[in-house]
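Notes to accompany the following structure.
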Protein chains: 2
Amino acid sequence: MNGTSDPPLTMKDMAALAGVSESTVSRALADHPTIAAKTRARIQALSAEHGYTINPVARSLRSRQTRTLAVVIPLFHDKAQHLSDPFFSLILGHLADAAASRGYDMLLSKVVDLDYAWVGKAVETRRADAVIVIGQSLAHEAIAAAAHRGTPVVAWGAKVDAAGYTTVGSDNRMGGDLAASQLLDSGRRRLAFLGDRRLPEIAQRFEGFVEAHRRRGLTYDPALVVDARFEPEEARRDLLPLVRGAVQLDGVVAASDLIAISMIQVLNEAGRRTPRDVGIVGFDDTPVAAHTNPPLTTIRQDIRRGAELLVELALKLAAGDEVGSVELPVELIVRGSTSSD
Amino acid sequence: MNGTSDPPLTMKDMAALAGVSESTVSRALADHPTIAAKTRARIQALSAEHGYTINPVARSLRSRQTRTLAVVIPLFHDKAQHLSDPFFSLILGHLADAAASRGYDMLLSKVVDLDYAWVGKAVETRRADAVIVIGQSLAHEAIAAAAHRGTPVVAWGAKVDAAGYTTVGSDNRMGGDLAASQLLDSGRRRLAFLGDRRLPEIAQRFEGFVEAHRRRGLTYDPALVVDARFEPEEARRDLLPLVRGAVQLDGVVAASDLIAISMIQVLNEAGRRTPRDVGIVGFDDTPVAAHTNPPLTTIRQDIRRGAELLVELALKLAAGDEVGSVELPVELIVRGSTSSD
DNA sequence: TTGTAAGCGTTATCAT
DNA sequence: ATGATAACGCTTACAA
């Protein structure tokens with residue numbers, strides 16, 4: 001069992017095999033129309049037969065494109081396993097599909113610290129043709145800066161006017177509104193909002209939450225607004241004071257399913273049952289949502305479509321085209337955590 | 001706002017700027033000792049100042065290494081979002097860290113169909129120096145074949161004797177044993193095992209489950225063994241017959257936290273409470289586990305260490321070194337889903 | 001200690 | 001419709 005394999009075939013080898021020049025092989029494999037259809041077919045068959053594949057590195061060096069997309073996930077502080085949120089793996093999976101279907105590879109970078117320079121780094125060091133940032137997070141300016149430098153970058157997140165870069169994201173205001181409305185319409189009046197409003201997406205969900213109250217001539221209690229973090233352990237710490245405190249609450253709009261789940265647990269420990277005492281709405285409709293106890297009413301984001309758009313727009317930008325930001329519709333999924341029976 | 005940026009600096013530019021030859025720049029940036037320390041420092045400073053970075057594509061073409069690791073996630077059986085399991089995102093995050101700390105990029109491929117050829121494809125098409133496969137899944141033979149072809153490949157999964165390839169994984173037998181023992185020692189006697197035993201890792205967990213019974217002179221009821229799938233929706237379908245059927249059970253060993261959570265829900269709907277009526281142990285200790293209702297007793301895998309080893313061994317293989325497989329210890333984390341009070 | 005020059009495997013520009 | 005030939009930007013013998 002010798003681990004050494006033969007040196008891989010080169011285009012020169014294929015040219016010799018086919019009895020043509022290298023240029024012809026190159027063109028044939030690129031489906032260049034100036035090559036006779038017959039020659040093209042013959043060379044393609046020959047390549048398949050011999051298992052020849054174009055060396056992507058050489059191709060990149062010459063053609064100046066990498067056929068690779070960089071996907072960047074902001075992740076400040078290691079302890080905060082932001083990436084552990086099922087949302088990230090969901091979108092990652094869909095991105096991988098979308099990239100692969102266009103023949104693109106996907107380079108994954110997890111970004112840990114507050115060094116904002118990383119946005120666009122993959123492109124500027126010619127490792128990728130474009131960058132997709134998942135969650136504008138606190139890096140708003142860094143993304144905008146990269147975009148202004150001419151780096152093709154698309155971010156998943158909130159559509160921010162005059163942001164100076166392209167975004168794909170959900171209609172977060174509508175989401176927050178739908179969530180709060182579902183609770184208000186079942187007669188609940190003391191709603192909490194849980195989520196870190198420094199993030200643009202969350203801020204917009206909160207706006208929807210406020211708007212749902214306003215439209216009904218109601219007001220919310222600021223004491224019930226908590227900047228809960230995404231990581232379950234931290235979310236728990238953020239939520240405890242709210243539940244232990246004296247303020248009443250009978251409904252919860254959470255910025256993610258994970259936060260909603262943490263809240264259910266914290267309430268449970270305090271002897272408050274969901275949905276009897278407190279109705280809860282999550283966000284994302286991650287796979288766990290339907291299988292928690294009780295099942296979670298939540299706002300579904302169209303992540304698959306979002307991922308496709310991210311890839312499509314990123315590649316258009318890389319090709320020098322103009323593109324506009326997109327806001328995708330969301331959907332309320334009603335389950336046990338809000339039902340009144 | 002003109003999107004066009006200046007053409008990036010090349011090594012030739014830097015050589016001119018520094019008043020030396022290209023080779024000197026190359027060597028200086030590579031910390032080659034034959035270059036005078038002073039020259040080295042000067043050139044490195046100059047590069048930093050001008051924001052010059054070596055073109056990785058050109059470097060790869062010449063040096064014949066990509067400084068990239070391919071990470072492959074098999075996704076057959078359950079065409080559904082296997083990737084949605086929090087376990088994958090956890091290990092992905094840690095792999096990204098481990099790769100980055102060695103200056104390696106991480107290429108992500110999600111593999112969907114039964115085309116086994118993909119293992120090693122990234123290496124054989126010279127896109128990556130080595131492959132890391134997450135979950136040997138049903139691709140056992142494909143991984144072994146790639147390894148025999150001389151492709152540097154390391155898989156996360158069960159250590160299989162004579163597999164012919166390198167694995168890093170948990171001591172799954174110990175995990176299954178610990179889980180079952182925890183339930184048996186609290187007096188439960190009718191334990192179910194939930195997990196697809198076609199997967200080598202799960203099969204080993206089941207062996208541990210059996211061994212825990214055997215050691216105590218007990219036997220398990222084969223009617224309580226269900227090949228539950230990982231995806232929550234499917235897991236649910238797999239579990240329903242068990243709970244609706246006439247067989248009694250008072251304990252559950254699940255092959256993943258997500259399956260455990262699904263089981264709690266299904267039991268709940270049938271009016272059976274956890275842990276009062278049925279004790280449950282999960283596997284993985286994913287971030288949700290501590291925050292479900294009730295919190296999940298589970299087997300913790302050392303995923304961080306695992307990811308580091310995967311990268312380390314993959315790079316050693318790529319360098320032509322011999323390496324051995326590693327089996328990591330697991331730990332029982334006791335929470336509410338098994339407590340008897 | 002540094003410089004010269006060849007070559008990695010493609011694609012693109014000319015020719016023919 | 002196809003072929004020669006020159007880059008692409010770097011690393012590494014070999015020379016000096």
Side-chain angles (χ1 to χ4, degrees), chain A residues 6-44 46-47 50-68 103 105 123-129 319, chain B residues 6-44 46-47 50-68 103 105 123-129 319:
Chain A
D6 336 311
L9 291 167
T10 72
M11 201 170 263
K12 199 171 166 184
D13 299 329
M14 294 314 296
L17 247 49
V20 297
S21 73
E22 283 186 58
S23 342
T24 302
V25 175
S26 175
R27 289 175 184 127
L29 294 179
D31 265 328
H32 205 94
T34 64
I35 298 291
K38 223 173 89 182
T39 322
R40 251 186 293 165
R42 187 170 60 87
I43 293 178
Q44 287 174 4
L46 202 68
S47 302
H50 290 260
Y52 168 72
T53 55
I54 290 181
N55 182 327
V57 173
R59 185 225 283 274
S60 289
L61 178 60
R62 181 61 234 227
S63 69
R64 295 162 161 288
Q65 28 161 19
T66 60
R67 287 173 171 271
T68 298
D105 285 328
V123 171
E124 286 148 22
T125 59
R126 283 137 295 166
R127 264 173 246 269
D129 295 343
Chain B
D6 335 311
L9 292 167
T10 70
M11 200 170 263
K12 200 170 165 186
D13 300 328
M14 292 314 296
L17 246 49
V20 297
S21 73
E22 282 187 59
S23 18
T24 303
V25 175
S26 175
R27 290 175 182 126
L29 294 179
D31 266 327
H32 206 94
T34 64
I35 299 291
K38 224 171 84 180
T39 321
R40 249 186 294 165
R42 187 169 62 86
I43 292 177
Q44 288 174 3
L46 203 67
S47 301
H50 290 260
Y52 169 72
T53 54
I54 291 179
N55 181 326
V57 173
R59 185 225 283 273
S60 289
L61 179 59
R62 179 62 233 230
S63 66
R64 294 161 162 288
Q65 39 162 9
T66 60
R67 289 175 168 270
T68 297
D105 285 328
V123 170
E124 287 148 23
T125 60
R126 283 137 294 166
R127 263 172 246 272
D129 295 342

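Labels below follow one simple rule: chain letters A, B, ... track the order of the sequence lines, proteins then strands, and each chain is numbered from 1. FYI, side chains are in, hydrogens and waters are out, and symmetry mates aren't considered; it's all heavy atoms of this structure.
Of all the residues in residues 25-41 of chain B, B:S26, B:R27 reach under 4.0 Å from DNA chain D with at least one non-hydrogen atom. Across residues 51-59 of chain A, not one residue has a non-hydrogen atom less than 4.0 Å from an atom of DNA chain D.
Heavy-atom nearest nucleotides on DNA chain C were determined for A:S63 and for B:L61, and the one closer to the 5' end corresponds to B:L61. Projected onto DNA chain D by closest heavy-atom contact, B:S23 and A:V20 fall at different nucleotides, the more 5' of which corresponds to A:V20.
Heavy atoms only, all atoms of each residue included: B:V25 and B:V20 are closest at CG2-CG2, 3.8 Å. The minimum heavy-atom distance between B:S21 and B:A15, with the atom names listed, is C-CB, 3.7 Å. Nearest heavy atom pair, residue A:V57 against residue A:N55, reads N-OD1, 2.8 Å.
One atom, CE of B:M11, and another, C1' of D:dT11, lie 8 Å apart when rounded to the nearest Å. Taking atom CD of B:E22 as the reference point, atom C1' of C:dC8 lies 15 Å away to the nearest angstrom. If you take CE of A:M14 and P of C:dT11, they are 14 Å apart, rounded to a whole angstrom. If you take NZ of A:K12 and P of C:dT11, they are 16 Å apart, rounded to a whole angstrom. Distance CD (B:Q65) to P (C:dC8): 17 Å, rounded to an integer number of Å. Look at CD1 on B:I43: it is 10 Å from C1' on C:dT2, rounded to the nearest Å. The CG-C1' distance, from B:L9 to D:dC10, rounds to 15 Å in whole Å.
A donor-acceptor contact under 3.5 angstrom links the side-chain atoms of B:R62 to the base of D:dT11.
Within the 3.5 Å criterion, the main-chain N or O of B:S60 finds no donor-acceptor partner in the side chain of B:R126. Judged purely by atom type and a 3.5 angstrom limit, B:R40 uses its side chain to pair as donor or acceptor with the backbone of B:I35.
Side-chain atoms of B:S26 and B:S23 include no donor-acceptor pair closer than 3.5 Å.
For A:T24 and D:dG3, the shortest distance from a side-chain N or O to OP1 or OP2 is below 4.0 Å. In this structure, A:R64 reaches the D:dG9 phosphate: one of its side-chain N or O atoms is under 4.0 Å from OP1 or OP2.
Counting heavy atoms from C-beta on, the side chains of B:L17 and B:Y52 never come closer than 4.5 Å. Counting only heavy atoms from C-beta outward, the side chains of A:T39 and A:R42 approach each other to under 4.5 Å.
Expressed to the nearest 0.5 Å, how far CE of B:M14 lies from OG1 of B:T53 amounts to 10.5 Å.
Backbone-only engagement by B:T10 is indicated by non-hydrogen atom pairs under 4.0 Å involving sugar-phosphate atoms exclusively.
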